[in-house]
Amino acid sequence: MRGHTSAAPRYKVNSKGKRMAKNFGFHVALAVLSLIFLIPIFYMITTSLMGEVESGSGAFLPADPQWQNYVLAFNSKFLNWFKNSLIVVVINVVAIPLSASFTAFGFTRCKFKGSGVLFAVILATMMVPGVVTQIPMYVIYVKIGWLNTILPLTIPAILGGGAGNIFLARQFMRTISPTMDEAAVIDGANRFQVFFKIYLPLSAPVLIYMMITTFTGVFNDVVGPLLYLRREESYTLALGIYHQFLGSYTPTMYDPDGNVTVVGTFPNIRMATGMYMLIPCAIVFFIFQKQLIDGIQMGSVKG
Amino acid sequence: MEQTQLTTAAGFSPQPKKRGKVAEFFKKNGAGFIFVTPVTLGILIFTLYPLISSLVFSFSLTYDGINPPGDFSLFGNLERMFADQEWLISIRNTVIYTVINVPLCLVLSFALAMLCNVKIKGIGIYRMLIYLPCVMSVVVSGIAWRAITDYRFGWANQFLTAIGLQPYPFLTQAWSSMPTLIIVGLWGLGGGMVLWLSQLKNIPAELYEAASLDGAGFGTRLLKITIPMCTPMIFYNLVMNVIGSFQTFANVTTLTAGGGGGIDNSILFYVQKIYIEYNTSFSQQSMGYACALSWVLFVVVALLTGVIFKSSKWVYYGGDD
């Protein structure tokens, strides 16, 4: 177990064979671990390609891959939910990083009375369990007609962008040298121009990080939609899957001509739909994994 | 801009002096105020207001969410809680889960990070694969795990019988449900691992060099360097995981297929209990009770966080700051 950190020095010069054997050991251990971690995803992939009865039987691999499951899952209901999800996700992915960095700029580069107290209050809101505010908000949303709309899922996030994101953006902006905005101010720029022209572009790494986490968080979120979306046509994809697929299995129905009339909910269709949920997040993760790790590191460097 | 000019003229008469002060105040603070206006509004409307109205509702015994709250009582809902068997069970389960799950995940994700911190070819791919389950929607992973842990047809029991063990009643018995939930939760270790990895990167290499010159082995370096240098992350993880663990909801709900607390309420969690009351609030007039339950949760979480912060002398933040 030597060399357990990237920072580990080469204090002992092992023979080449010895090191190779050790590396081989690591590869085996990591490969086995990776396979174990992939079990749920592997289950999704194989089950999504099985027939109805087969998919509930605990088979390991599909006898005859049923690619049409993916076509069946891609029905009009699904498309509507997907569209709803997309709208909510896009609004949040754009607004949250913008709002959080806007707020963070106020805390890093503007001096104002009460900033310390306000920042402490913002951080303290992280401690408030969501459920405490959700119930009274539900009552309000009913009254003002926000139920079954995307407003409860977007407006609160737009105002401020969330305590964690504000904190992260502030951490990042602190590292930007203030000499630059002093120069800009001498050139006649006001605070807003400094923010939009200098700080926002320079904050790109942390903005990307926020976009990724917002994307996966909002796209996968089920609790918020579960509370505020009560009509089937307003469901997001996650909520639609939740409602449609947590019940008992129903078979796919066909009319006499062999056309699908009702899409069933056997595990094969459930998992094909699930794959549609997983794939966008997986793609985003694979493309941006470096930014993701860097972003986490930004947040972890000394509170 | 007019106000700024007033300030310069302020010295001459006492009247504009006052206005000048106000102008001065806004000139100094105005930009900052504008930048924090959205977040202030957000906190006032979407946190503070509901927080306070929830507190008010929590003293009402008859609030149903639609008609105005009535029948206020200081201890009525508290009395109801302690007579509510389901509530007591939900507390027991939440505490048991937190006490086991938080330390377990801390230690295992740390071990995982240590393993994934070796410098070998393709380590990035391993890290990615281990993290991948974390991007799965809780709904989808819940459905998948429910199928995998199915007593008769699930892969898990097929595997157990294949290696000569008895099938395990993952979610079909009261005693086995909690372990199942905890084990399934381990597939989310990648999230913690990534946090640890970022902290491990921050440890200066010189420390290890100096230690190895002194002949320190793996164990010594782990105990004397790695772990002490990681205390900020241990602290952060501890706080966030305890807060998160007390709010366990979505993963249980999907794993039990929306069936609430599982067999005999063996995995009924505190937040689920709140939602049960909330969902029946109209017929049972239990909205006030649900609010009282959520406020108790808030107070407990705040107290716990406070205790962890108070005891944080062991956290090492480095010499310079």
Side-chain angles (χ1 to χ4, degrees), chain A residues 1 3-9 11 23 26 30 34 37-38 40-41 43-44 56-58 99 102-103 105-106 110-113 118 125 127-129 131-133 135-137 139 156 159-160 191 216 220 222-223 238 241-242 245-246 267 270 274 277-278 281-282 285 289 293 296-297 300 302, chain B residues 29 31-33 35-36 38-39 41-43 46-47 50-51 53-54 65 114 117-120 126 128-130 133 135-137 139-141 143-144 147-148 153-154 158 194-195 198-201 203 205 208-209 212 218 233 247 250 257-258 271 274 278 290-291 294 297-298 301-302 305 317:
Chain A
M1 284 294 286
H4 62 285
T5 153
S6 56
Y11 48 91
N23 282 356
F26 275 123
L30 286 163
S34 303
F37 272 86
L38 286 179
I41 292 160
Y43 172 83
M44 285 175 69
S57 71
S99 182
F102 186 79
T103 309
F105 182 79
C110 301
K111 285 199 181 94
F112 64 93
K113 264 222 159 94
L118 185 61
T125 61
M127 234 171 41
V128 181
V131 67
V132 186
T133 54
I135 296 171
M137 282 326 290
V139 175
L159 289 174
R191 296 269 102 188
T216 51
N220 289 335
V222 69
V223 180
I241 293 178
Y242 176 85
F245 294 149
L246 283 182
R270 295 182 177 191
M277 276 231 62
L278 176 66
C281 294
F285 170 67
Q289 54 145 332
I293 309 270
I296 291 167
Q297 198 160 11
S300 73
K302 288 173 203 167
Chain B
N29 300 294
F33 285 157
F35 277 105
V36 297
V39 76
L41 279 177
I43 287 180
F46 295 108
T47 306
L51 211 54
S53 56
S54 174
M114 295 286 278
N117 203 29
V118 290
K119 281 246 164 170
I120 57 173
Y126 292 127
M128 224 155 60
L129 295 178
I130 289 171
V135 300
M136 277 174 96
S137 162
V139 176
V140 175
S141 71
I143 298 170
I148 294 171
F153 299 114
Q158 285 187 42
V194 173
L195 285 170
S198 72
Q199 184 71 31
L200 291 175
K201 262 192 182 173
I203 302 176
Y208 290 107
E209 277 159 24
S212 60
F218 171 74
M233 189 52 81
Q247 299 180 59
V271 173
I274 296 177
Y278 161 82
C291 288
S294 64
L297 176 70
F298 178 36
V301 167
T305 317
Y317 284 106

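Being a predicted model, the structure only gives us computed values, none of them experimental. A note on names: the letters A, B, ... follow the listed sequences, proteins ahead of strands, and every chain is numbered from 1.
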Is V222(A) close to chain B through its backbone or its side chain, or both, or neither, when contacts mean heavy atoms under 4.5 Å?
side chain
Checking K113(A) against chain B: side chain, backbone, both or neither under 4.5 Å from a heavy atom?
both
With sequence neighbours left out, the residues meeting ring-ring contact (aromatic ring centres under 6.0 Å, His included) with F112(A) are F107(A), F33(B)
Chain A contact via V39(B) - side chain, backbone, both or neither, heavy atoms under 4.5 Å
both
Which value, rounded to the nearest 0.5 Å, describes the distance between I274(B) atom CD1 and L297(B) atom CG?
5.0 Å
Of all of C281(A), P136(A), G160(A), which one pairs up most often with chain B through heavy atoms under 4.5 Å apart?
P136(A)
Heavy-atom cut-off 4.5 Å, strictly under: side chain, backbone, both or neither for T47(B) against chain A?
both
Ranked by heavy-atom pairs below 4.5 Å to chain A, first place among G42(B), C291(B), S137(B) goes to S137(B)
Residues in side-chain contact (heavy atoms from CB on, under 4.5 Å) with L38(A), at least two apart?
I41(A), L129(B), L132(B)
Shortest non-hydrogen pair, A144(B) vs M44(A), comes out as CB-CG, 4.3 Å
If you tally heavy-atom pairs under 4.5 Å between each of S99(A), P129(A), G106(A), C110(A) and chain B, the highest tally belongs to P129(A)
Cut-off 4.5 Å, heavy atoms of chain A, and the answer for Y278(B) is side chain
Sort I135(A) into side chain, backbone, both or neither according to what part of it lies under 4.5 angstrom from a heavy atom of chain B.
both
If you count heavy-atom pairs within less than 4.5 Å of chain A, which of A250(B), P133(B), P38(B) leads?
P38(B)
Check whether I130(B) gets within reach of chain A through its side chain, its backbone, both or neither, counting any heavy atom under 4.5 Å.
both
